[in-house]
Protein chains: 2
Amino acid sequence: MGVVPADQQHAQVSQGPRAGAVATRRRGDALLGAIFDAVFDQLRTVGYANLTMDRVAAAAGTSKTVLYRRWAAKEDMIADALRHRLPTPGDIPLTGDLRADVHALLRCVQASFSSTRGTAFQLVSAEAGCGRPVVRQTIIDHVVEPCVQLIAEVLRRAAERGEIRPEAANELVAASGPAMLVQYSLIREPVVPDEFVASVVDQIVLPLTTRSAAAEHG
Amino acid sequence: MGVVPADQQHAQVSQGPRAGAVATRRRGDALLGAIFDAVFDQLRTVGYANLTMDRVAAAAGTSKTVLYRRWAAKEDMIADALRHRLPTPGDIPLTGDLRADVHALLRCVQASFSSTRGTAFQLVSAEAGCGRPVVRQTIIDHVVEPCVQLIAEVLRRAAERGEIRPEAANELVAASGPAMLVQYSLIREPVVPDEFVASVVDQIVLPLTTRSAAAEHG
DNA sequence: CGAATTGGATACTGATCCGTATCTTACGGA
DNA sequence: TCCGTAAGATACGGATCAGTATCCAATTCG
């Protein structure tokens, strides 16, 4: 309840010109980064439904005015936070090594959880069924779809090289890895551990591609 | 905007004593069912964030008073709606046939989407990170966890019979089927088609269990 | 038929939150 | 050093919504 001390300090003390004085006012990217931190922090602690501009401002150690000077609406702010924090799968260099490439692309999906503090798929479904699923579509288009497509491409090339059975080079198999990570983030805990990613690669994705795996059961 | 016609009729006309007169007032289970329909309808159309008691009441053709006579709070109502509509995996009879049992259990996961009009995992993540994840935990505990455990059990028995390779009888493989369905519901469309369930069984789960699938890649 | 029960309409309170307006104050460049 | 730009505090209007109170009407049961 009570009174919040008005002279509450920000978490980060930047190296200002006067080293003795506490940095009380951030600008530009420093401020922007603090706001994005606050957004994901709020998503993690109170959830999308209870995320308010007041709370984000308070968590960032700033005020609502600053937020509305940058974004017209709450959704714009969140979408912008995502665009700045989500990894870009297209930047991942592919080596041609099947296991390494699949692993790298799945780590990209994993990074989309950790970079948003595990709130990525909370956001995906929070808006499901709404009129303008801005945030939802941002994540799907930015990370999940590209990763699945890139994994599919990696599988296709491996099939051309004869490393895997050709029938396994499809989007269903390509989607299995991301699906396992999404599942883990939703059911177990928000941020997916490294060992789990490795397990998925070695016990799910790669076994599905081996020559001897039965091609059809139905 | 304007005025909603006060004499708006309910969708369902029950067979009252006077056949000529329009049934205007439902009771008991008929009313309860209409309310649950309205809950999932609202979740689908406006989303969890915009689901209000007023809107649910309006969609059910009743008033807020009726809702608060049954449930103390909004979350209780939603949780109750879930408990009445979600399938119960434990009721599924297991035949001992690997493919049939896996398929039946995955159809149970699928049913948890269709019975909630595709909103099940919207609910799972809408509350992620909140203090009291009532709705979230209801779905996980009621459907997903039981299904994964039952699939794991089915795999274990198949391994004992020598039908599948023993290393595949683990929870990671057991989770792959549900994970694919969750993924589909989140990314593609809310309700998962039958053919997709069959594809997952025949192209993901069963291939992972075949004797010749490489046991380890890492 | 008559009484008890339950459904339904409406209005109200208090809280919350979005988005804006206003004013003060720190920073940083010229 | 001075001035422009942007940060930050605060307050406010308007809207929305949860939950309650009150009154009325229909259905069911005795």
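For the numbers below, each heavy atom of this structure counts, side chains included, while hydrogens, waters and symmetry mates do not. Below, read A as the first sequence line, B as the second, and so on, with proteins coming before strands; counting in each chain starts at 1.
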- Nucleotide-resolved protein contact map, nucleotides 1-7 of chain C, B/S/- at heavy-atom distance under 4.0 Å: ----BBB
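In this structure, Met53(B) places its CE atom 18 Å from P of dT16(C), rounding to the nearest Å. One interatomic measurement links the two molecules: CG of Leu67(A) to C1' of dA7(D), which rounds to 11 Å at whole-angstrom precision. When rounded to the nearest whole Å, the span between CD of Glu75(A) and C1' of dC17(C) equals 13 Å. As rounded to whole Å, 15 Å separates atom C1' of dA11(D) from atom OH of Tyr68(A). The CZ atom of Arg55(B) sits 13 Å away from the C1' atom of dA18(D) (whole-angstrom rounding). Between the NZ atom of Lys64(B) and the P atom of dT16(D) there is a distance of 13 Å, rounded to whole Å.
Counted by atom type alone, Gln42(B) and Asn50(B) present zero donor-acceptor pairs between their side chains at under 3.5 Å.
Considering only heavy atoms from C-beta on, Pro178(A) comes within 4.5 Å of Leu106(A) through its side chain. The shortest side-chain heavy-atom distance between Thr119(A) and Tyr48(A) does not fall under the 4.5 Å cut-off.
If you check dA21(D), dC17(C), dG19(D) against the side chain of Lys74(B), the one that comes closest is dG19(D).
The side-chain hydrogen bond (donor to acceptor under 3.5 Å, both in side chains) check on Glu153(B) picks up Arg156(B), Arg157(B), with sequence neighbours excluded. Looking at residues two or more places apart in sequence or on another chain, you find a side-chain hydrogen bond (donor to acceptor under 3.5 Å, both in side chains) between Asp37(B) and Arg85(B), Arg117(B).
Within the 4.0 angstrom heavy-atom criterion, no nucleotide atom of any strand lies near Ile35(A). In this structure, Thr65(A) reaches the bases: a heavy-atom distance under 4.0 Å links it to at least one base atom across the strands shown. Across all strands, Ser63(B) comes closer than 4.0 Å to base atoms (heavy-atom distances). Among the protein residues, Ala57(A) comes within range of no part of the nucleic acid, since none of its heavy atoms lies under 4.0 Å from any strand.
Salt-bridge formation is not detected for the pair Arg70(B)/Asp76(B): no Lys NZ or Arg NE/NH1/NH2 atom is positioned less than 4.0 Å from an Asp or Glu carboxylate oxygen.
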